[in-house]
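Shown next, in structure tokens, is the structure this report addresses.
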Number of protein chains: 4
Amino acid sequence: MTDPKGSRTKTVGSKRQRLMVATAQVVHRQGVERTTIADIARAADVPVGNVYYYFKTKDELVVAALGEHARHLRTLTDGLDRLADPRERLKGLVRAWVSQRDLAARYGCPTGTLAVELDKRDDGGLDAEAGRVIRLLLDWVEQQFRELGLADPGGLALTLVGAYQGMSLLANALRDPDVMTTQGERLLAWLDSLGGAPPAGDPA
Amino acid sequence: MTDPKGSRTKTVGSKRQRLMVATAQVVHRQGVERTTIADIARAADVPVGNVYYYFKTKDELVVAALGEHARHLRTLTDGLDRLADPRERLKGLVRAWVSQRDLAARYGCPTGTLAVELDKRDDGGLDAEAGRVIRLLLDWVEQQFRELGLADPGGLALTLVGAYQGMSLLANALRDPDVMTTQGERLLAWLDSLGGAPPAGDPA
Amino acid sequence: MTDPKGSRTKTVGSKRQRLMVATAQVVHRQGVERTTIADIARAADVPVGNVYYYFKTKDELVVAALGEHARHLRTLTDGLDRLADPRERLKGLVRAWVSQRDLAARYGCPTGTLAVELDKRDDGGLDAEAGRVIRLLLDWVEQQFRELGLADPGGLALTLVGAYQGMSLLANALRDPDVMTTQGERLLAWLDSLGGAPPAGDPA
Amino acid sequence: MTDPKGSRTKTVGSKRQRLMVATAQVVHRQGVERTTIADIARAADVPVGNVYYYFKTKDELVVAALGEHARHLRTLTDGLDRLADPRERLKGLVRAWVSQRDLAARYGCPTGTLAVELDKRDDGGLDAEAGRVIRLLLDWVEQQFRELGLADPGGLALTLVGAYQGMSLLANALRDPDVMTTQGERLLAWLDSLGGAPPAGDPA
DNA sequence: GATGAATGAGCGTTCATTCAT
DNA sequence: GATGAATGAACGCTCATTCAT
């Protein structure tokens with residue numbers, strides 16, 4: 001009661017934060033339907049009754065989890081943006097995917113599997129929410145292809161991201177992380193083969 | 001005794017059959033967790049209590065649904081096997097996928113999305129079951145690549161099937177059937193580009 | 001179809017009989033409530049749907065099982081009645097009880113435990129039915145005590161049968177057949193101690 | 001903070017308590033299998049769904065009911081322990097049994113009948129639980145016989161407790177409370193007849 | 001008589017959400 | 001803001017009994 005308010009605000013913030021992170025993790029592992037509010041509360045170390053102070057419904061928690069995934073994605077692309085060559089950025093993205101191969105083999109892509117589960121519902125646009133996060137990734141990838149001067153960058157983005165979702169799904173269904181490794185190498189080779197000429201600054 | 005006995009057997013068979021088909025359809029649309037036995041019973045026009053005469057648990061119904069998907073797959077590949085050229089068979093497969101674009105955009109690949117949902121559970125090897133059906137598809141595709149005389153037919157199979165799962169997932173997440181069309185065309189072009197020389201019988 | 005009818009009648013009879021015996025056994029082991037008609041049908045090797053041709057309800061099967069127990073009891077007392085001395089008959093009865101110690105330690109007295117379960121119900125006098133079988137035993141025991149010339153033979157019968165029910169229950173609850181052995185010996189000694197003078201043929 | 005917090009704790013405690021008491025009573029009257037959670041909830045005046053906040057399963061409720069019986073037993077023996085003479089303690093126990101004759105004639109001994117029902121199951125050691133409560137009674141009785149200086153106090157305890165269980169069962173099966181009275185008197189006389197000499201402090 | 005199949009009421013249990021303090 | 005407790009609507013599953021042949 002005598003604590004400076006700042007700390008309390010921070011406590012509240014960290015509780016919200018903890019709930020978002022916990023939801024993202026637990027839902028990734030168990031799926032939305034098999035995850036109970038109690039599961040999330042336990043993982044976040046928040047009393048069950050208190051969850052509803054921060055999130056009005058379970059769906060709101062799921063939306064928040066998607067926000068977490070978007071944030072992770074942003075962190076990743078921000079790091080890659082520091083690379084000068086767009087092709088290297090894309091290859092860095094693929095390498096990041098491959099580095100998560102064990103998690104993918106066990107639980108699939110966090111955003112992709114969430115999208116699959118949410119797309120089975122008709123209720124309030126929760127399903128669209130997952131699409132939005134995937135769209136973020138598509139947009140960033142498309143931008144790289146555009147900077148490479150390649151034709152149909154949007155189509156290429158769909159191909160690359162689709163390949164990632166597909167290989168994650170197969171690795172998961174077959175419970176085999178090697179799928180991520182071998183298909184990741186294929187993607188790297190494919191990226192290298194695209195558009196022989198560097199897009200810019202090429203001396204004659 | 002002189003009645004055509006087939007009728008009774010057929011009645012029984014059709015009820016089991018109806019339940020399997022209904023499960024496959026309803027689960028494709030709603031997911032396993034959001035599908036109740038009552039949903040399935042209604043869709044199959046079977047009294048709720050009677051479902052358990054044919055399937056002891058809900059999980060058994062899901063396994064049966066996977067069996068339905070395997071059966072459909074088999075029907076499809078059997079048809080394609082009548083084509084002489086393995087490359088044409090694979091292209092026929094891709095065209096079959098694209099023809100299902102609206103369903104894919106709304107509910108994803110029946111087997112793939114089921115695999116995603118089942119892989120979130122630890123209990124009895126139900127999850128492996130979905131992997132097995134996907135493996136059937138992979139094996140058939142691999143065989144076609146092998147007949148084409150291409151190197152690493154297994155890796156190519158993973159690439160093709162992965163591309164299908166990925167584009168289905170994206171079409172579903174973005175609610176856009178066009179993804180199936182454009183990415184399908186990419187796959188057709190890719191198949192045509194593989195292994196310039198026909199595998200056999202090429203005159204000099 | 002061409003069999004002599006006699007055999008079929010016998011088949012019917014043996015089916016009824018098999019159902020009664022199966023019910024008695026299965027109910028002794030599992031209790032009434034935990035025994036399903038399917039359990040009984042399986043144990044009797046009778047198709048489920050056919051059970052209702054012989055017994056209109058599950059309760060009727062339980063009554064029939066009580067009849068089986070009454071029949072067994074009658075067989076036992078008929079054998080003991082061949083002994084000349086009533087005291088020896090009673091001691092024979094006790095020895096018969098002790099010989100069943102392993103069954104008693106596992107499942108209790110068939111009639112006693114059935115009475116306990118049925119007495120928890122208010123519906124149609126099924127509960128009284130079990131009391132009737134126990135009454136048969138009490139009456140026979142009372143008659144032996146009467147022939148011994150002992151006072152209050154009815155009270156003595158309650159004591160002896162009560163001791164049997166009590167030791168069966170304890171052996172069962174403690175899962176210890178030795179209870180039957182040691183308490184049986186106590187009963188034998190007690191019987192020997194009753195009414196010093198033989199009831200008849202005593203020379204002056 | 002300054003509120004009498006006891007009230008909340010007491011409320012929680014009383015709800016658990018009410019559920020235990022209600023379970024003990026209802027199960028005594030109806031048996032475990034014929035008692036539904038709704039029955040117990042109604043008797044305890046607790047909403048059905050709330051029962052599971054206090055007890056995870058029906059079996060846990062049954063264990064709690066056995067605990068209630070153990071507690072009652074303890075209260076009874078604690079009272080009897082205030083008597084100086086072990087023989088009087090045992091006679092007091094018998095008189096307590098007889099005083100419950102109407103309940104016994106209607107529903108049998110609460111612990112004994114519960115033991116009978118539970119012993120029909122193989123699942124988790126719930127059956128052993130009932131044996132443990134009976135063992136508490138046996139141990140106390142044995143101690144009294146030991147203090148009386150009698151040989152084989154354990155065997156005597158089995159005899160006394162067995163007689164109680166037997167007469168309860170017969171009173172119940174015959175729906176006759178008089179069985180409790182007359183057999184109770186027999187037990188009192190038997191106790192008086194044991195070991196002519198007082199165990200200690202006998203003046204020469 | 002014999003039999004597999006049908007039927008529906010009911011039970012134990014779960015869980016998102018709300019409430020009282 | 002924080003919290004244990006409360007609530008009730010479902011859901012999966014069982015089973016005695018009935019039905020159609």
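Order of the sequence lines fixes the chain letters, A, B, ..., with proteins taken first and strands second; residue numbering starts at 1 for each chain.
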Practice task
Return the 5'-most residue of the pair B:Val48, D:Gly49 with respect to DNA chain F, ranking by each residue's nearest nucleotide.
Solution key: D:Gly49
Handout entry: Between D:Lys120 and C:Thr113: side-chain donor-acceptor atoms closer than 3.5 Å
Key = yes
Handout entry: Side-chain heavy-atom pair C:Leu61, C:Val27 within 4.5 angstrom cut-off
Key = no
Problem - Side-chain N or O of C:Tyr54 closer than 4.0 Å to phosphate OP1/OP2 of E:dA2 - result: yes
Practice task
For A:Asn172 and A:Arg106, indicate whether the former's side chain and the latter's backbone hold a donor-acceptor pair under 3.5 Å.
Solution key: yes
Fill in the blank from the handout: Which of F:dT7, E:dT13, E:dT7 is nearest the side chain of B:Asn50? It is E:dT7
Exercise for the section: Could you tell me the separation between the NZ atom of B:Lys58 and the P atom of E:dT14, rounded to a whole number of Å? Expected result: 15 Å
Fill in the blank from the handout: Note, DNA chain E 5' to 3' with Watson-Crick or G-U pairs under 3.5 Å encoded as ( ), [ ], | and . gives .||||||||||||||||||||
Problem - Distance test, side-chain N/O of A:Tyr53 to OP1/OP2 of F:dG1, below 4.0 Å - result: yes
Practice task
Report yes if the side chains of D:Arg121 and D:Glu33 come closer than 4.5 Å at any heavy-atom pair, otherwise no.
Solution key: yes
Exercise for the section: Please report, rounded to the nearest Å, how far the C1' atom of E:dG10 is from the OH atom of B:Tyr52. Expected result: 14 Å
Exercise for the section: Respond yes when some side-chain nitrogen or oxygen of D:Lys15 is under 4.0 Å from OP1 or OP2 of F:dA6, and no when none is. Expected result: yes
Practice task
Figure out the CZ/C1' separation between C:Arg121 and F:dA16, and round it to whole Å.
Solution key: 12 Å
Fill in the blank from the handout: note: C:Lys56, atom NZ; E:dG1, atom P; distance rounded to Å ~ 14 Å
Practice task
Identify, residue by residue, the members of residues 27-44 of chain C with a heavy atom below 4.0 Å from DNA chain F, and return them in order of residue number, or none.
Solution key: C:Thr35, C:Thr36, C:Ile37
